[in-house]
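Right, one structure below, let's go through it.
Heads up: numbering here begins at 1 and tracks the sequence.
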Amino acid sequence: MSIFSLPQKPDELVLVFDIGSSSVKAALFYVRDSGVPKIITSIREPIILEDKVDISRFLFLTTKALETVTDKIYKKGLGAPSRIFCIFSSPWHISQTRIINLQKDTPFTFTTKLADSLIQNEVSLLKEDYLKKYPHVGDTLRLIELKNIKITLNGYETTTPLNKKAKELEMTIFISMSEEQVCKKIEETVAKKFHFKEIKFSTFTMASFAVVRDMYAHKENFLLINVGGEITDISMIKNNTLRESTSFPLGINFMIRDIASSMDCSLSEAKSLLSLFKDGHASDTTIKSIEPVIKKLKSEWLVSFQSSLANLSSDISIPALVYITVDKDLADFFAEIIKTEQFNQYTLTEAKFQIVFLNIGNLNSIAVVDKDAIFNAFLTIDSVYINRFLR
């Protein structure tokens, strides 16, 4: 080593949990200055699927899956993480992009105090709106994420607004909240094995937006779709800005439940039938009975999807480029759904849709996955997102 070389800072070991509506996942990884994290182990535990969704029961089952994942990571004995993160997908958070406008006749100075006041007002308004829709929640929402996306002064975007004067201010911010009882359950469960005072919570909406935006910097307009177990999330990005997000309560599990009901079979049998059908391994008799059910389910998903797009669009067109995250064994199945003529001719879109699934094919260059870890698109995106603001 040269006498002029500085000692290299050791890589930081970090643990991330990804909590969705069909599974709980975790990865232990090294944060690296190169921006490419090294995932040394990963675990995925499915959340037990039941006939009906009861929120209290659903939280209990999710917590049990988290206990299993935490225990497995701990027993591997690969080292104590210096930080722990938890990334939520729906339905574990509410998120919204808010645009703050301030105009005055005389110039004013942009200060931290002014920004904080405007932002806290938006946080209060979002909480108030949510509690009006869901009064049973009570005043128990925890702010988990607050990101400044863009600031413009007098119509010009700036990354250094502090102490500058202007007559017009526009701030685009992203706010996420979660129920306090959900956050506490996670903290208590993880603390049984890893004794941390604080877990940093975030959302897959923001993580996937930040990572995809950086990966495809030349693409300014696109949709992000995450097909979960119970819910499908959609985010619209215009001019590299996360404009709006929405969701509808139809994920993979609604298909399994409907097949079970229509075919008069158990949920596990329905899951097997869906798998056989999509892989082309079902018998002719099975195909004849299940095909009409699948066709109906595809149609229901598309109708909800198109309705969500209409709610997102207001007076602007929908981007034609679509990035999708979904469990890998169902990627081809959903590709078939969204590439139908009904989808491609949707009138609000800029052009015919271009579908890109976020998988090992396009994510393997942004993270290193050890042989003891299984590649998972969600955990890869999570680790890259965390790496980018820790280094």
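For the residue pair Thr232 and Gly251, the shortest heavy atom distance occurs at OG1-CA, 4.2 Å. Nearest heavy-atom pair, Pro249 versus Ile231, reported as atom, atom and distance to 0.1 Å: CA-CG1, 4.2 Å. The shortest heavy-atom contact between Ser208 and Leu224 is OG-CD1, 3.7 Å.
In this structure, Ile290 and Met263 have side chains that are in contact, with non-hydrogen atoms separated by less than 4.5 Å. With a 4.5 Å cut-off on side-chain heavy atoms, Lys296 and Asp258 count as touching. Put simply, the side chain of Asn362 reaches to within 4.5 Å of the side chain of Asn359, judged on heavy atoms. Residues Ile55 and Leu59 have side chains not in contact (no heavy-atom distance under 4.5 Å, counting atoms from C-beta outward). Contact of the Leu169 side chain with the Ile151 side chain is registered, since non-hydrogen atoms from C-beta on lie closer than 4.5 Å. The side-chain heavy atoms of Pro319 and Ile237, taken from C-beta on, include no pair separated by under 4.5 Å. Between Arg98 and Ile175, some side-chain heavy-atom pair lies under the 4.5 Å cut-off.
Scored by the ring-ring contact (aromatic ring centres under 6.0 Å, His included) test, Tyr323 finds Tyr216, Phe222 as partners (sequence neighbours excluded). For Lys75, the salt bridge (Lys or Arg N to Asp or Glu O under 4.0 Å) partners two or more places apart in sequence, or in a different chain, are Asp71.
Salt-bridge formation is not detected for the pair Lys184/Glu187: no Lys NZ or Arg NE/NH1/NH2 atom is positioned less than 4.0 Å from an Asp or Glu carboxylate oxygen. With salt bridges taken as basic N to acidic carboxylate O contacts below 4.0 Å, one links Glu230 and Arg257. Using a cutoff of 4.0 Å between basic side-chain nitrogens and carboxylate oxygens, Arg388 and Asp214 are scored as salt-bridged. Looking at Lys192 and Glu188, no side-chain N of the basic residue comes within less than 4.0 Å of a carboxylate O on the acidic one, giving no salt bridge. A salt bridge does not link Lys25 with Asp382: every distance from a Lys NZ or Arg NE/NH1/NH2 to an Asp or Glu carboxylate oxygen is 4.0 Å or more.
Looking at Asn387, its side chain does come within 3.5 Å of a backbone N or O of Arg32 through a donor-acceptor pair. Here the side chain of Ser42 pairs a donor or acceptor atom with the backbone of Ile374 at under 3.5 angstrom.
Residue pairs meeting the salt bridge (Lys or Arg N to Asp or Glu O under 4.0 Å) criterion with at least one member in residues 157-173, sequence neighbours excluded, do not occur. Screening residues 59-83 for ring-ring contact (aromatic ring centres under 6.0 Å, His included) gives Tyr74-Phe194 as the qualifying pairs, with residues at least two apart or on separate chains. Screening residues 231-280 for ring-ring contact (aromatic ring centres under 6.0 Å, His included) gives Phe248-Trp301 as the qualifying pairs, with residues at least two apart or on separate chains. Residues in residues 27-59 take part in these ring-ring contact (aromatic ring centres under 6.0 Å, His included) pairs, two or more places apart or across chains: Phe58-Trp92.
A cation-pi arrangement is not found for Lys147 relative to Tyr385, the charged atom failing to lie both closer than 6.0 Å to the ring centre and inside a 45° cone about the ring normal.
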